[in-house]
Amino acid sequence: DPDYAQGLFATDLRPTAGTDPKSPLRFYDFLRLKHFFDYLKPSRQARLRLRNERRVAHSSPPLRWHYRLLLHELRPQPDGGYLLVAEVYFPHYRYNNYGSYSAPFSNLGNQYYGGGSNYYNSRVFDGYQTTHALVCGFDRTGTLLWDNVFVAENLRRSELEEAVRIQSLPDGRLVLAYLDEAKLRYKVINRAESASNDQQVFIQTGTGPGETGSERASETSRTDLLPWFGSRFVAAGYQRVRVEHGPDRQVFFLNSVVF
């Protein structure tokens, strides 16, 4: 589809020897993935799969998806396979209604003119909203081994760029994370196993209750989260600190997040 993604293509691009046939190009429709639709409510997922089964039974064309995917760089794995991470997003708009009103009638030289109202509906681009991040493990020939997703909440950026970060743990599990205001939201993924999507920790700026309880951090802005070393992320940004008996101040925070 020239506009939307319908699934994933994968194959083995290594050169073949002699007369060996080339590896087939595999296509994995999103509906074939185990977890792709986990961002939907279970009842909606069930209706979607039932609808597809009916179309297959009647030999109707397959469902057409309207998804946009932002692909990360492929991550080679120790066993020769690779890891694919893709963020599912859509452009977000806000709508502003403007109206002007004039009196029902006006008297000008004993002539009456009818009035009226005019309304304008303006659509303004408001960034890119990420619904979930897809994670897939492939072997070296392009065979899909497993898939999983990290369902995002309140994840919007003004530019089309990677928002979800990924870090590998020593035991082979993966951590996907992003910053949401003063919270770091994350999910620990162990191949295709189901896990919670709502894990979170708060950014620490040293302005909590502490000994005096006179300061409180708020209005987090210009944040960024990057994989660091080992099983660590580094989180950075700015926060406005409200002081009980003094003027507000702005601080730059730098956190090491260890899994």
Side-chain angles (χ1 to χ4, degrees), residues 5-40 45 49 65 67-89 130-152 155 160-179 184-201 224-235 256-259:
Q6 305 301 315
L8 304 172
F9 287 96
T11 191
D12 185 358
L13 295 179
R14 292 174 300 172
T16 58
T19 59
D20 293 342
K22 292 184 178 180
S23 299
L25 181 65
R26 300 180 179 91
F27 174 67
Y28 299 97
D29 188 287
F30 291 136
L31 202 60
R32 292 179 56 188
L33 303 182
K34 181 179 180 181
H35 292 285
F36 184 84
F37 295 97
D38 283 0
Y39 77 101
L40 299 175
Q45 288 189 51
R49 296 189 183 279
W65 309 119
Y67 292 107
R68 295 178 172 91
L69 266 63
L70 177 63
L71 295 176
H72 291 216
E73 290 288 338
L74 293 177
R75 298 169 63 96
Q77 299 300 291
D79 60 0
Y82 55 95
L83 188 73
L84 180 147
V85 178
E87 298 181 32
V88 184
Y89 72 94
T130 299
T131 57
H132 56 298
L134 172 67
V135 188
C136 294
F138 294 87
D139 69 11
R140 63 189 304 171
T141 67
T143 300
L144 178 66
L145 302 177
W146 56 269
D147 71 89
N148 215 320
V149 297
F150 177 25
V151 180
L155 181 53
L160 185 56
E161 58 186 5
E162 295 177 7
V164 177
R165 307 301 186 185
I166 185 170
Q167 185 66 285
S168 300
L169 300 183
D171 60 4
R173 295 180 299 163
L174 302 168
V175 178
L176 270 68
Y178 65 93
L179 288 177
L184 182 143
R185 297 185 183 271
Y186 70 93
K187 180 177 182 177
V188 179
I189 290 179
N190 186 14
R191 297 174 71 89
E193 291 183 7
S194 298
S196 174
N197 283 283
D198 57 2
Q199 300 294 313
Q200 63 184 40
V201 293
D224 200 3
L225 178 71
L226 294 171
W228 199 8
F229 69 94
S231 59
R232 291 171 170 82
F233 290 94
V234 60
S256 171
V257 186
V258 186
F259 287 89

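Values below: all heavy atoms of this structure, side chains included; hydrogens, waters and symmetry mates excluded.
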**Item:** CA sep, side-chain torsions, deciding dist, call: Y89, T131, side chain to side chain contact (heavy atoms under 4.5 Å, CB included)
**Value:** CA-CA 6 Å; Y89 72 94; T131 57; over 6 Å; no
Is any side-chain heavy atom of [Y] closer than 4.5 Å to one of [X]?
{"X": "L155", "Y": "V164", "answer": "yes"}
{"X": "Y39", "Y": "V149", "answer": "no"}
{"X": "L8", "Y": "D29", "answer": "no"}
{"X": "H35", "Y": "S194", "answer": "yes"}
{"X": "L144", "Y": "L33", "answer": "yes"}
{"X": "W146", "Y": "E193", "answer": "no"}
{"X": "T130", "Y": "V88", "answer": "no"}
{"X": "S231", "Y": "V175", "answer": "no"}

Distance check, rounded to the nearest 0.5 Å: [X] atom [atom1] versus [Y] atom [atom2]?
{"X": "E162", "Y": "L226", "atom1": "CD", "atom2": "CG", "answer": "10.5 Å"}
{"X": "F229", "Y": "Q167", "atom1": "CZ", "atom2": "CD", "answer": "10.0 Å"}
{"X": "E73", "Y": "L84", "atom1": "CD", "atom2": "CG", "answer": "10.5 Å"}
{"X": "L174", "Y": "L83", "atom1": "CG", "atom2": "CG", "answer": "5.5 Å"}
{"X": "L176", "Y": "K187", "atom1": "CG", "atom2": "NZ", "answer": "8.5 Å"}
{"X": "F9", "Y": "R26", "atom1": "CZ", "atom2": "CZ", "answer": "13.0 Å"}

Mark yes or no for whether [X], through its side chain, and [Y], through its backbone, hold a donor-acceptor pair below 3.5 Å.
{"X": "N148", "Y": "R191", "value": "yes"}
{"X": "R49", "Y": "L31", "value": "yes"}
{"X": "D147", "Y": "C136", "value": "no"}
{"X": "R185", "Y": "V201", "value": "no"}
{"X": "Q45", "Y": "F37", "value": "yes"}

**Message:** Does this structure show an ion pair linking R165 with D224, if we count only N-O contacts that are shorter than 4.0 Å?
**Reply:**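 Here R165 pairs with D224 in a salt bridge, since their nearest N and O are under 4.0 Å apart.
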**Request:** Start with the C-alpha gap between Q6 and F27, add the side-chain angles, then the distance that decides, and say whether side chain to side chain contact (heavy atoms under 4.5 Å, CB included) holds.
**Result:** CA-CA 9 Å; Q6 305 301 315; F27 174 67; 4.1 Å; yes
**Message:** Please evaluate residues L134 and V85 with respect to the criterion side chain to side chain contact (heavy atoms under 4.5 Å, CB included), reporting the C-alpha separation (whole Å), side-chain torsions for both, the decisive distance (0.1 Å), and the verdict.
**Reply:** CA-CA 6 Å; L134 172 67; V85 178; over 6 Å; no
Tell me the closest heavy-atom pair linking [X] and [Y], and the distance in Å.
{"X": "Y186", "Y": "A177", "result": "CB-CB, 3.9 Å"}
{"X": "F138", "Y": "A10", "result": "CE2-CB, 3.9 Å"}
{"X": "N197", "Y": "V151", "result": "OD1-N, 2.9 Å"}
{"X": "R75", "Y": "Q77", "result": "O-NE2, 3.0 Å"}

**Asked** Angle class for the Y67/W65 ring planes (parallel below 30°, perpendicular above 60°, tilted otherwise)?
**Response**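 Rings of Y67 and W65: tilted, as their planes differ by 30° to 60°.
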**Message:** Does the plane of the ring in F259 sit parallel, tilted or perpendicular to the ring in F233? Use 30° and 60° as the thresholds.
**Reply:**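 Rings of F259 and F233: perpendicular, over 60°.
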**Request:** Start with the C-alpha distance between F150 and V135, add both sets of side-chain angles, then the distance that settles side chain to side chain contact (heavy atoms under 4.5 Å, CB included), and finish with yes or no.
**Result:** CA-CA 8 Å; F150 177 25; V135 188; 5.8 Å; no
**Message:** Can a side-chain donor-acceptor contact be found between T141 and R14 if the only test is distance below 3.5 angstrom?
**Reply:**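 R14 vs T141: no donor-acceptor pair found between side chains.
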**Prompt:** Side chains of H72 and E87: is there a donor and an acceptor less than 3.5 Å apart?
**Reply:**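 Indeed, the side chains of H72 and E87 share at least one donor-acceptor pair under 3.5 Å.
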